[in-house]
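Every number for a ligand or one of its atoms is a count from 1 in the order of the listing. Keep in mind the model is a prediction, meaning the values are calculated, not measured.
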Amino acid sequence: MEPVPQPERGRGASGERERPRRVTTLRLRQMKQEGQKIACLTAYDALMARIFDEVGIDVILVGDSLGNVVQGHETTIPVTLEDMIYHTKAVVRGVRRALVVTDMPFMSYQVSVEEAFRNAGRLMKEGGAGAVKLEGGERIIETVARMTAAGIPVMGHLGLTPQSIHQFGSYRARGTDPKEAAQILRDAKLLEEAGAFAIVLEKIPAELARKVTESLSIPTIGIGAGVHCDGQILVYTDMLGLTVDFHPRFVRRYENLYERIRQAVAQYADDVRAQRFPSEEESY
Ligand code: KIV
């Protein structure tokens with residue numbers, strides 16, 4: 001009889017309480033080798049991070065998309081390192097199992113390798129991140145190589161890179177022409193050589209993502225990059241239907257929380273105004 005697969009569990013240092021075994025960068029590579037898909041989501045606070053972690057999400061990304069979804073900005077450009085540290089601390093408090101990856105915000109790693117080091121160090125030491133994510137390929141390779149050599153786990157991000165919005169002028173799909181596709185493939189290989197442990201591929205053709213995925217031994221995590229990637233990531237507010245004005249075709253909505261929260265809050269307000277809340281049972 002086949003042995004029944006056991007959940008990954010281990011004992012804490014004191015041995016008294018079972019806790020789930022942490023997802024590591026090594027484990028993600030093994031998952032690719034074993035053909036197990038990697039499920040990733042963004043989170044920005046302890047409340048949501050705890051739910052995602054309990055369900056078994058493997059990687060929780062503290063994305064600089066918090067600039068859009070939490071702070072209400074139009075782009076991720078205004079997000080600061082202090083913002084990322086603050087939200088990383090909150091997410092880390094909610095997580096016991098998942099690998100927490102934090103985005104390095106715009107201009108926190110482009111000025112110099114030294115500054116990138118200092119800032120990545122703060123995200124890990126003060127924020128508690130398990131790894132950092134940087135957007136770009138060839139132009140940041142030296143930074144990635146120096147970071148990984150120093151023990152900072154780096155996730156790459158290719159294809160649509162939202163921090164370059166003002167350079168490209170739109171959020172269109174990338175890698176749709178042969179020159180751009182070849183550059184993405186080349187960047188992916190350079191990132192792997194520089195020691196990155198995984199690469200996010202955003203909004204590129206599924207066929208190109210397949211090529212990139214097959215040419216690397218590190219996992220690819222797709223968002224709008226088709227089914228061939230080793231894992232998938234979505235911004236959680238999109239997949240739960242909390243963001244209403246954003247409907248790219250790569251987002252699958254699993255809930256309509258915007259509407260459900262509206263209805264619940266409207267009901268509460270009605271109850272307060274009609275003195276139906278609080279009831280006697282809800283009073284002391
Ligand atoms: O900032 C973010 O949420 C991201 C994901 C879209 C991959 O980078």
S.K.: Do S283 and E280 pair up side chain to side chain, a donor and an acceptor below 3.5 Å, judged on atom types alone?
M.R.: no
S.K.: Would you mind running through ligand 1 and noting each atom that sits below 4.0 Å from a heavy atom of K133?
M.R.: 4 (C), 8 (O)
S.K.: Purely on distance, is any nitrogen or oxygen of Y44 under 3.5 Å from one on ligand 1?
M.R.: no
S.K.: Which part of T76 is near ligand 1, with near meaning a heavy atom under 4.0 Å away: side chain, backbone, both or neither?
M.R.: neither
S.K.: With no hydrogens and no angle check, do the side chains of S65 and T42 hold a donor and an acceptor under 3.5 Å apart?
M.R.: no
S.K.: Of I221, D103, L201, which has the heavy atom at the shortest distance from atom 1 (O) of ligand 1?
M.R.: D103
S.K.: Taking only heavy atoms of G63 into account, list the atoms of ligand 1 that are under 4.0 Å away from them.
M.R.: 1 (O), 2 (C), 3 (O)
S.K.: Any atom of ligand 1 sitting under 4.0 Å from a heavy atom of H157?
M.R.: yes
S.K.: What is the ring orientation for Y236 with Y44, classed by angle as parallel under 30°, tilted 30 to 60°, or perpendicular over 60°?
M.R.: tilted
S.K.: To the nearest 0.1 Å, how far is atom 5 (C) of ligand 1 from its closest protein heavy atom, and which atom is that?
M.R.: L61 CD2, 3.7 Å
S.K.: Taking atom types as modelled, find out whether R260 and Q263 have a side-chain donor-acceptor pair closer than 3.5 angstrom.
M.R.: no
S.K.: Does E54 come within less than 4.0 Å of R50, counting only side-chain N to carboxylate O?
M.R.: yes
S.K.: Answer yes or no: is there an ion pair linking E259 with R253, defined by an N-O contact shorter than 4.0 Å?
M.R.: no
S.K.: Which protein non-hydrogen atom lies closest to atom 3 (O) of ligand 1, naming both residue and atom, and how far is it?
M.R.: S65 OG, 2.5 Å
S.K.: Under 4.0 Å, heavy atoms only, figure out whether ligand 1 is touched by the backbone of T42, its side chain, both or neither.
M.R.: side chain
S.K.: Between R146 and E114, does at least one N-O distance fall below 4.0 Å, as a salt bridge requires?
M.R.: yes
S.K.: Considering the heavy atoms of D64, write down every atom of ligand 1 situated less than 4.0 Å from one of them.
M.R.: 1 (O)
S.K.: Just by distance, with hydrogens left out, do S164 and E135 show a side-chain donor and acceptor under 3.5 Å apart?
M.R.: no
S.K.: Which atoms of ligand 1 are found less than 4.0 Å from any heavy atom of I223?
M.R.: 6 (C)
